[in-house]
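The analysis underlying the following values was restricted to heavy atoms, covering all of them including side chains, and did not include hydrogens, waters or symmetry mates. Predicted, not measured: the structure shown is a model, and the values here were computed from it.
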Amino acid sequence: MPDTQTTDLPVTLSDIEAAASLLEGQIVHTPLNLSRTLSHITGAEVWVKFENQQFTAAFKERGALNKLSKLTDDQKQRGVIAASAGNHSQGVAYHARRLGIPATIVMAKTTPFSKVEHTRSHGARVLLEGLIFDEAKQYAMEVCERDNLTFLHPFDDPDIIAGQGTIALEMLTAQPDLDTLVVPIGGGGLISGIAIAAKALKPDIQIIGVEAAMYPCMHAALRGETPKTGGATIAEGIAVKEAGELTRQICAELVDDIVLVEEEHLERAITLYAEVEKTIAEGAGAAGLAALIAHPARFQGRKVGLVLCGGNIDTRLLSSVLTRALVREHRLTSIRIIGDDRPGLLALVSKIIGDQGANIMEVAHNRIALDVPAKGAEFDILIETRDAQHTQEVIDALAQAGYPPRSL
């Protein structure tokens, strides 16, 4: 375990406790609930901190409000600017309007539409620039200097870090016997604040960070490596190319381990939150649960606190993730049937499928495929079933009737 006494860190437990007092009554004190089903699935005792229940559906309000409250009157009058994948921007925009502070937000062009529109709805001026956070940040710095604004960094700032650390205070007050906290990492502000508070209150607690495999910036930084980043991760909220300087120092001191998760783990975690907890998680918000799915032995038997840090996911993307989950579970399957091109064939095939209790979602009828006889017909049928076994029963019934399907 890291030695918590070897370095003077830029944020202290007292800073985080002061932030908690400032935030009291201005943000949602989100619940920490035991998930018996997720515990059964993962083999750990899983407690979920539902930060997606904040007004802006993400934890970023904590740091944003803490920082905004500490600006000078002159800074408040001139206004602020922030660069964000979406959640920091919403937190800044929402609380800046509450405090009467003009806000400009720069977001990457790839930011989900829902996050862009929600930020605008909070009264901020929104500028779209670049394809990733780092490009948006560079443009924000240029606008900041040009318009004489105050830049609010999304993670590499002591007041931001202190605000995020209030999550750990709430988690350990509600459930003091947690022995592991699993926290998503983008730039590192969230895990830095949580690690400082948690290690101060409970030095033997394990702090485990999670990064998307496409963007392992902190994982590489703590090993003295240059990260290889890039790709369209579903966890765009933690798709950062370079960790912060302050957060790197804190993570090196206090974070016990960092694990990487692939896109399929993130997708499954989003699906589990929807199906099991009846709640919406964005890709970054689901990263903690994804870590338990990807590395079950690492967390076996431990009392784990997960930070579901955000729920701002585009509805189209959420729909795609849930549909892909049905395909993985063989509850949606495309099959191809080749038969004689005669009246009633599709009706016969449909009856066989229906008699097995399956549902036909789509049918494509192709007569001109060259691998089909001139007097034949090809049907691509998308069927919905209960599970993989049920799908096999449908396939067996079609084969027994003389129409053996090919899986697509």
Side-chain angles (χ1 to χ4, degrees), residues 28 30-31 35 38 48-64 82-94 105 107-119 121-122 132-133 136 154-155 164 167 182-191 209-215 231-240 260-294 306-325:
V28 178
T30 55
S35 176
L38 293 181
V48 181
K49 180 67 167 169
F50 288 88
E51 281 295 289
N52 61 340
Q53 293 186 20
Q54 294 292 348
F55 180 74
T56 62
F59 77 98
K60 289 283 191 175
E61 286 188 36
R62 296 173 181 266
S84 168
N87 291 331
H88 177 62
S89 65
Q90 290 185 66
V92 170
Y94 171 58
I105 307 296
M107 308 173 83
K109 295 177 182 178
T110 53
T111 301
F113 177 76
S114 61
K115 292 183 179 181
V116 175
E117 288 306 300
H118 288 160
T119 303
S121 73
H122 295 315
I132 60 174
F133 164 75
F155 49 82
Q164 321 305 26
I167 294 174
V182 184
V183 187
I185 300 179
L190 175 61
I191 196 169
V210 189
E211 291 185 301
M214 290 184 182
Y215 290 86
T233 177
I234 196 173
E236 78 286 334
I238 53 175
V240 177
L260 305 180
V261 293
E262 301 290 345
E263 296 301 296
E264 63 180 284
H265 303 130
L266 292 164
E267 289 189 34
R268 188 179 173 203
I270 292 171
T271 301
L272 283 174
Y273 272 130
E275 291 184 342
V276 173
E277 294 301 320
K278 313 303 184 224
T279 194
I280 301 301
E282 61 186 271
L289 179 56
L292 270 63
I293 294 169
L306 301 181
V307 184
L308 199 177
C309 59
N312 289 307
I313 185 171
D314 184 82
T315 51
R316 179 194 57 78
L317 179 57
L318 177 61
S319 174
S320 175
V321 169
L322 297 178
T323 300
R324 286 161 61 89

Item to check | Distance-minimising heavy-atom pair for Ala287 and Ile238 | outcome: CB-CD1, 4.2 Å
Next on the checklist: Can you confirm whether His122 sits close enough to Phe55 that some side-chain heavy atom of one is under 4.5 Å from a side-chain heavy atom of the other?
Outcome noted: yes
Checklist entry - Checking Tyr215 side chain against Gly231 main chain: does a donor-acceptor pair fall under 3.5 Å? => result yes
Item to check | Step-by-step side chain to side chain contact (heavy atoms under 4.5 Å, CB included) determination, Phe50 to Glu277 | outcome: CA-CA 10 Å; Phe50 288 88; Glu277 294 301 320; 3.8 Å; yes
Item to check | Heavy-atom closest pair, residues Thr233 and Ala212 | outcome: OG1-CB, 3.9 Å
Item to check | Partner of Ile191 by side-chain contact (heavy atoms from CB on, under 4.5 Å), out of Val183, Val182, Val307 | outcome: Val183
Checklist entry - If every non-hydrogen atom of Ala269 is compared with every non-hydrogen atom of Ala286, which pair is closest and at what distance? => result CB-O, 3.4 Å
Next on the checklist: Tell me the closest heavy-atom pair linking Ala58 and Asn87, and the distance in Å.
Outcome noted: CB-CG, 3.4 Å
Checklist outcome for this item: Smallest heavy-atom separation, Ala284 atom then Cys309 atom, equals O-SG, 3.7 Å
Checklist entry - Any chance the side chains of Thr30 and Gln53 put a donor and an acceptor closer than 3.5 Å? => result no
Next on the checklist: Once rounded to the nearest 0.5 Å, what's the spacing between atom OH of Tyr273 and atom OG of Ser35?
Outcome noted: 8.0 Å
Checklist entry - Do Glu117 and Phe113 come within less than 4.5 Å of each other through their side chains, counting heavy atoms only? => result yes
Next on the checklist: Please give me the minimum heavy-atom distance between Ala108 and Ala136, naming the atom from each residue.
Outcome noted: N-CB, 3.8 Å
Checklist entry - Does Glu51 use its side chain to pair, donor to acceptor, with the backbone of Gly310 at less than 3.5 Å? => result no
Checklist entry - For Thr56, does its backbone N or O pair with a side-chain atom of Asn312 as donor and acceptor, under 3.5 Å? => result yes
Checklist entry - Say you draw a straight line from CD of Glu264 to CD1 of Ile234; how long is it, rounded to the nearest 0.5 Å? => result 12.5 Å
Next on the checklist: Distance check, rounded to the nearest 0.5 Å: His265 atom NE2 versus Leu260 atom CG?
Outcome noted: 11.0 Å
Checklist entry - Nearest 0.5 Å, what's the CD-OG distance between Gln90 and Ser84? => result 8.0 Å
Next on the checklist: Just so I know, are the side chains of Thr271 and Val321 near enough to count as touching, which here means a heavy-atom distance under 4.5 Å?
Outcome noted: yes
Checklist entry - Quick one: are Glu282 and Glu236 in side-chain contact, heavy atoms under 4.5 Å? => result yes
Checklist entry - Just how far is it from atom CD1 of Ile293 to atom CD of Glu267, taken to the nearest 0.5 Å? => result 11.0 Å
Checklist entry - Residues in side-chain hydrogen bond (donor to acceptor under 3.5 Å, both in side chains) with Gln164, at least two apart? => result none
Checklist entry - Could you give the distance from CG (Leu292) to CZ (Arg268), rounded to the nearest 0.5 Å? => result 11.0 Å
Checklist entry - Checking Gln54 side chain against Glu61 main chain: does a donor-acceptor pair fall under 3.5 Å? => result no
